[in-house]
Number of protein chains: 2
Amino acid sequence: MGVFHAGTHAMSKTLKEMDVLRQHLAKHQLKLTRQRELILTAFLRQEHVTAETMYHQLAKKDPHLGLATIYRTLNLFCEAGIAQARHFGTQTQYDNISHKGHHDHLICTGCGTIVEFENCEIERLQEEVATKNGFVIQTHRLELYGLCARCRH
Amino acid sequence: MGVFHAGTHAMSKTLKEMDVLRQHLAKHQLKLTRQRELILTAFLRQEHVTAETMYHQLAKKDPHLGLATIYRTLNLFCEAGIAQARHFGTQTQYDNISHKGHHDHLICTGCGTIVEFENCEIERLQEEVATKNGFVIQTHRLELYGLCARCRH
DNA sequence: GTTGAAATTGATAAGCTGTCTCAAGATAGT
DNA sequence: ACTATCTTGAGACAGCTTATCAATTTCAAC
C-alpha cells in the first residue's frame, strides 16, 4: 500500500474529519479500521442519523457489519468531536457537527419531524449572554419542541 | 361520602390542573379514578419526575399502585397538556408544565460549572422562527458550551 | 341505591434500544 | 513477518416503556 503525503489535492471533503478521527485514535491508542472509515464516510454525507438507519444503509456495502459496531463507532465519533448524540423519542440521533450553521432544530413532538434552521440574531444574543457571564462559547445546542402545522390538525 | 360542590374556596392550587384533567377525561370518555387523582396531586408538587421516582414516592401512600399505571397516567397528563415528556439519557423525564421556569444553561466544558440564565429576546426570536415554520412551541432546550473565565486562565 | 356497559387497574410478559461478552480476526509498531 | 493489542460480529443481556388480560372500579341510567 503506497503512502502518500496528505493535504495536497484531490482528497475529498472528508479529509478534515478523517484527520480529526486519526488524531483522536492516535491519542487514545486506537486503530483505524476498514469499518471506521466506511462508517465515517457514510456518516459525513448526512446531517443526522440513527444507528439503525446506518445499519440498513451500510448493509449493502458490507452485509456483515454489525449493529454493535455502528453504535460503538458513532459513540467514538462523539468522543472525537465529529458527532453529537441527541435523544429524541425512544431513539438516539447522531448529528453531524461539521454541518455548522444548521445546528439548531425545530422538533415536532407529534410526528418527530425535524426542521433545521439558523438564526444569526439568536447566535449573536447567545454570544452576548456568554460574554456577560465571562464565558467563551465553543458550541451550543438549541432545540425547540412543539407541534407542526399538520399535527395541530 | 359527602359530596360537596367544588369551586368555592379552600381548594388547593391543584384545582386548575384537576379541572384541565377532568375536561380532558370527559372529552375522551375516560374516567376519573383514585389513582389518577393521587398521581396528579403528587406530580404537581414537583418540577420534573421520572415514572420510577413517582413509583417509589407513591409506594408509601398506595403500595399496590403499579408502575404501568404511573406510566399510563403520566402519558395521559401529556395528552391533557399538564405534563411534557423529555428524554434525557435513557430515561424519560416528565416536566410539570405549570412550572414554566426558564431552563437555559451555560455549561463550562472545563470545570463543569453550570450557569442558568434567561433571555427574553432569545425567547422572542425562537417564537418567530417557530411561527415562520408553522410550529407552536411547547418547550425548548438551549445549552451553550464553552469555557468560563477561570478555565481560560 | 342498584345495575351494567365500558374504562381502568395491577402483575407480568413482551418489546425496543443500546451495551456487554468473548472468541476470532485485523492492525500497526518493531 | 511477528506479536501484542485492539476491533469485530453475533448474540446475550440490561434498562426503560408498553401491551396483555382477568379482576375491579367508575359513572350514567334507571
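Each chain gets a letter, A, B and so on, in the order its sequence line appears, and its residues count up from 1.
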Distance only, no hydrogens: is a donor on one side chain within 3.5 Å (strictly under) of an acceptor on the other, for His48(B) and Gln93(B)?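 Indeed, the side chains of His48(B) and Gln93(B) share at least one donor-acceptor pair under 3.5 Å.
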Verify the distance criterion only: is there a donor paired with an acceptor across the side chains of Gln57(B) and Tyr55(B) at less than 3.5 Å?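 Tyr55(B) and Gln57(B) do not have a side-chain donor-acceptor pair below 3.5 Å.
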Per the end-axis method with five pairs at each terminus, what is the bend angle of the helix from dG1(C)-dC30(D) to dT30(C)-dA1(D), to 10°?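 Terminal axis comparison yields 40°.
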Please check: side-chain N/O of [X] versus main-chain N/O of [Y], any donor-acceptor pairing under 3.5 Å?
X: Thr69(A); Y: Leu65(A); result: no
X: Thr131(A); Y: Glu127(A); result: yes
X: Gln91(B); Y: His87(B); result: no

Find the distance [X]:[atom1] to [N]:[atom2] and express it as a whole number of Å.
X: Ile39(A); N: dG9(D); atom1: CD1; atom2: P; result: 8 Å
X: Gln91(B); N: dG15(D); atom1: CD; atom2: C1'; result: 9 Å
X: Asp62(A); N: dA26(C); atom1: CG; atom2: P; result: 12 Å
X: His87(A); N: dT19(C); atom1: NE2; atom2: P; result: 9 Å
X: Tyr94(A); N: dT17(C); atom1: OH; atom2: P; result: 13 Å
X: Gln29(B); N: dA29(D); atom1: CD; atom2: P; result: 12 Å
X: His56(A); N: dT17(C); atom1: NE2; atom2: P; result: 11 Å
X: Leu76(B); N: dT9(C); atom1: CG; atom2: C1'; result: 14 Å

Between Asp104(A) and Arg141(A), is there a side-chain N and carboxylate O pair less than 4.0 Å apart?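 Salt bridge between Asp104(A) and Arg141(A), a charged N being under 4.0 Å from a carboxylate O: no.
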Could you tell me whether Arg124(B) and Glu121(B) make a salt bridge, using a distance below 4.0 angstrom between a side-chain N and a carboxylate O?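 Judged by the 4.0 Å cut-off on N to carboxylate O distance, Arg124(B) and Glu121(B) do form a salt bridge.
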Suppose we call a contact any N or O donor and acceptor under 3.5 Å apart; does that hold for the side chain of Lys31(A) and the base of dT5(D)?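 Answer yes: a donor N or O sits under 3.5 Å from an acceptor.
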Does a side-chain heavy-atom distance below 4.5 Å link Leu38(A) with Lys61(A)?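 The answer is yes; the side chains approach within 4.5 Å.
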Short side-chain N/O contact to [N] OP1/OP2 from [X], under 4.0 Å:
X: Asn75(B); N: dT17(D); value: no
X: Arg36(B); N: dT8(C); value: yes
X: Thr33(B); N: dT9(C); value: yes
X: Gln35(A); N: dA26(C); value: no
X: Thr92(B); N: dT17(D); value: yes

Looking only at the aromatic ring of each residue, does the gap between the centers of Phe77(B) and Phe43(B) stay below 6.0 angstrom?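 Aromatic pair counts; centres sit under 6.0 Å.
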Hey, can you pull the residues of residues 64-74 of chain B with a non-hydrogen atom under 4.0 angstrom from DNA chain D?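 Close to the strand are Ala68(B), Tyr71(B), Arg72(B).
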If each of Thr90(B) and Tyr55(B) is mapped to the nucleotide of DNA chain C with the nearest heavy atom, which maps nearer the 5' terminus, i.e. the 5' end?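 Whichever sits nearer the 5' end wins; that is Tyr55(B).
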Which of these passes side-chain contact (heavy atoms from CB on, under 4.5 Å) with His24(A): Asp19(A), Leu76(A), Ile82(A)?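 The passing option is Leu76(A).
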